[in-house]
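Below is one structure; the comments refer to it alone.
Whatever order the structure lists ligands and atoms in, that order sets their numbers, starting from 1. When reading the values below, keep in mind they use all heavy atoms of this one structure, side chains included, and skip hydrogens, waters and symmetry mates.
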Amino acid sequence: MKVETKIIKINPVNPEPQKIAIAAACIKKGDLVAFPTETVYGLGANALDATAVEKIFAAKGRPSDNPLIVHVASIDDVKKIAKNIPESSKLAMSHFWPGPLTIILKKRHLVPSITTAGLDTVAVRIPKNKIALEIIKQAGCPIAAPSANTFSKPSPTLASHVYEDLNSKVNIIVDGGACSIGVESTVIAFLQKTPMVLRPGGVTIEQLEAVFGKVLIHPSVVGVNEKVQIAMSPGMKYKHYSPKAKVVLITGSRDEIQQKLDAFSSENFEQKIGVITSMNQFDIKADSVKFAGQTFAEVAQNIFRLLREMDNELISVIAVTAVDDADMGFAVMNRLKKAASKII
Ligand code: TXA
Ligand code: MG
């Protein structure tokens, strides 16, 4: 179904109440609003309205077995949609909320099964972004919001990315500028004694270990081999984050990466090639070269945008150099491994 997409620019520091009210009214009515969060842009609908949530799946072309994250504005709101909340998860809430952490909890009956893809759990997060929080408060309902990209594309970190993917499929796009973190939230479950990370993201493993001592990491996060995918976080099994261009992830020591980049350039000389690097400077022969950043945080902030820019430049094959698995590098590498059709 085609809709008219309206773009509303909202000040991320002091969101204008009358503009927030327009976005909130759209959610209340059962329509779709894309809005910024501190991680990536989300495609929001009333999480308790099955018909509205259905529109999210249709707009994204998202498989119906992949559950959505429900965004709320307070702990009281969490209690309305989740039950049997474990003590250890409350520790995570007090340390990392509002912020880029999504917690899996037992769901209450009131949450329709389409929102959780039939699971008896619900993924919940209180975002930090002011615009997001104000829209949730004004709408007066929890907001289900996956990343606001077409299924399998890189997640959007600018309103223009949402427009590229969802023009005529979303009623309102709230433009609140660039997302400060740039990769999605960390998804964590407290279903056993030691918490388990189902998706690395904006809260790092190091930050979680500082609070919990030890955390487990689900095999689907570390396993490059798709066979390891046990669908605990169902979304992790799909092809993800991929631009139109083929992505080749280049790993190794600094010298090895330089050699592999040289080989990549000569092997693909007939194609329009792009290279995205970070941290280290390399000698590169390519049609387009982009530098993702000097720190893990900068690389996280930029990586999805740069993949999209390569598509806009009609690059057909992109080499991306690996970063260390530490800090936010872990989440970045997780996304790159999923985006890559080849890892060398
Ligand atoms: O940062 C983010 O998390 C962004 C912003 C908009 O908040 N949202 C986002 O949503 O990344 P999405 O739908 O692209 O990713 C949600 C992830 C998927 O991997 C999904 O399978 C998992 O969370 N998930 C959702 N509900 C779950 C549940 N009940 N149990 C396990 N995993 C769940
Ligand atoms: Mg997503």
Side-chain angles (χ1 to χ4, degrees), residues 32-45 47 53 56-57 59-72 81-82 96-108 111-129 131-133 135-136 142-157 161-162 165-166 174 176 179-191 195-203 218 220-221 229-242 300 304 328 331 334-335 338-339:
L32 301 183
V33 177
F35 59 88
T37 79
E38 67 279 21
T39 56
V40 300
Y41 273 75
L43 177 61
V53 172
I56 295 180
F57 284 92
K60 278 186 63 102
R62 180 179 177 110
S64 60
D65 67 350
N66 193 2
L68 306 178
I69 295 175
V70 178
H71 299 70
V72 294
I81 56 173
F96 300 109
W97 278 357
L101 187 73
T102 294
I103 302 179
I104 307 299
L105 297 167
K106 286 277 175 237
K107 91 171 184 80
R108 286 191 189 275
V111 183
S113 84
I114 184 172
T115 304
T116 61
L119 298 176
D120 64 352
T121 52
V122 59
V124 190
R125 160 162 124 82
I126 301 184
K128 196 176 192 134
N129 181 287
I131 296 174
L133 279 174
I135 294 175
I136 299 165
I143 297 184
S147 49
N149 51 287
T150 300
F151 170 63
S152 88
K153 290 285 162 214
S155 296
T157 56
H161 300 158
V162 181
D165 282 17
L166 298 178
V174 173
C179 299
S180 57
I181 294 176
V183 293
E184 301 88 338
S185 61
T186 300
V187 179
I188 194 166
F190 292 89
L191 304 174
M196 181 178 277
V197 171
L198 307 183
R199 177 179 74 180
V203 170
H218 193 267
S220 66
V221 173
Q229 308 282 7
I230 308 151
M232 184 157 178
S233 194
M236 300 306 278
K237 71 173 180 276
Y238 291 107
K239 179 179 158 170
H240 252 328
Y241 317 113
S242 308
F304 286 139
M328 289 279 276
N334 170 265
R335 306 305 189 267
K338 292 192 178 284

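Near T121, with a cut-off below 4.0 Å to any heavy atom, the atoms of ligand 1 are 28 (C), 29 (N), 30 (N). Proximity to G42 (heavy-atom distance under 4.0 Å) selects the following atoms of ligand 1: 6 (C). Taking every heavy atom of S147 and a limit of under 4.0 angstrom, the matching atoms of ligand 1 come to 8 (N), 9 (C), 10 (O), 12 (P), 14 (O). Atoms of ligand 1 lying under 4.0 Å from at least one heavy atom of I104, given by number and element, are 27 (C), 28 (C), 30 (N), 31 (C), 32 (N), 33 (C). Heavy-atom contacts of L119 reach the following atoms of ligand 1: 28 (C), 29 (N), 30 (N) (cutoff under 4.0 Å).
Annotation: side chain of K60 is not in contact with side chain of T150 (no heavy-atom distance under 4.5 Å). Put simply, the side chain of K128 does not reach to within 4.5 Å of the side chain of P100, judged on heavy atoms. The side-chain heavy atoms of H161 and P154, taken from C-beta on, include no pair separated by under 4.5 Å.
For the Mg ion (ligand 2), the set of protein N/O/S atoms nearer than 2.8 Å consists of S147 OG, ordered by chain and number.
Only the side chain of R62 comes within 4.0 Å of ligand 1, counting heavy atoms alone; its backbone N, CA, C and O stay farther away. Counting heavy atoms closer than 4.0 Å to ligand 1, residue A145 contributes backbone atoms (N, CA, C, O) but none from C-beta onward. The proximity of N66 to ligand 1, defined as any non-hydrogen pair under 4.0 Å, is limited to the side chain. Residue contacts with ligand 1, taken as heavy atom pairs separated by less than 4.0 Å, involve T39 solely via side-chain atoms from C-beta onward.
Using a 4.0 angstrom heavy-atom cutoff, L68 counts as in contact with ligand 1.
Salt-bridge annotation for E184 and R125: absent, with no side-chain N of the basic residue lying under 4.0 Å from a carboxylate O of the acidic one.
The salt bridge (Lys or Arg N to Asp or Glu O under 4.0 Å) contacts involving residues 115-124 comprise K106-D120, where partners must be two or more places apart or lie in separate chains.
Considering backbone and side-chain atoms alike, S185 places an N or O below 3.5 Å from some N or O of ligand 1. Annotation: E184 places no N or O atom under 3.5 Å from an N or O atom of ligand 1; distance criterion only. In terms of polar-atom proximity, defined here as any N/O pair under 3.5 Å, H71 does make such a contact with ligand 1.
In terms of modelled atom types and a separation under 3.5 Å, the side chain of T37 and the main chain of V40 share a donor-acceptor contact. Of the possible donor and acceptor atoms, none in the side chain of S113 sits under 3.5 Å from a partner among the backbone N and O of G118. The main-chain N or O of N129 is found under 3.5 Å from a side-chain atom of E38 such that the two form a donor-acceptor pair.
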- Query: Between I126 and L133, is a side-chain contact (heavy atoms from CB on, under 4.5 Å) present by the stated rule, with each step listed?
  - Reply: CA-CA 8 Å; I126 301 184; L133 279 174; 3.9 Å; yes
- Message: Let's go through L43 and L32 carefully: what are the C-alpha distance in whole Å and the side-chain angles of both, what is the deciding distance for side-chain contact (heavy atoms from CB on, under 4.5 Å) to 0.1 Å, and is it a yes or a no?
- Response: CA-CA 7 Å; L43 177 61; L32 301 183; 4.2 Å; yes
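In this structure, a donor-acceptor pair under 3.5 Å is absent between the side chains of S152 and S242.
Considering P36, P67, S155 only, the shortest heavy-atom separation from atom 27 (C) of ligand 1 involves P67.
Just one of L105, V111, I69 meets the side-chain contact (heavy atoms from CB on, under 4.5 Å) condition when paired with V124; it is L105.
Aromatic ring orientation, F35 versus H71: perpendicular (interplanar angle above 60°, classes split at 30° and 60°).
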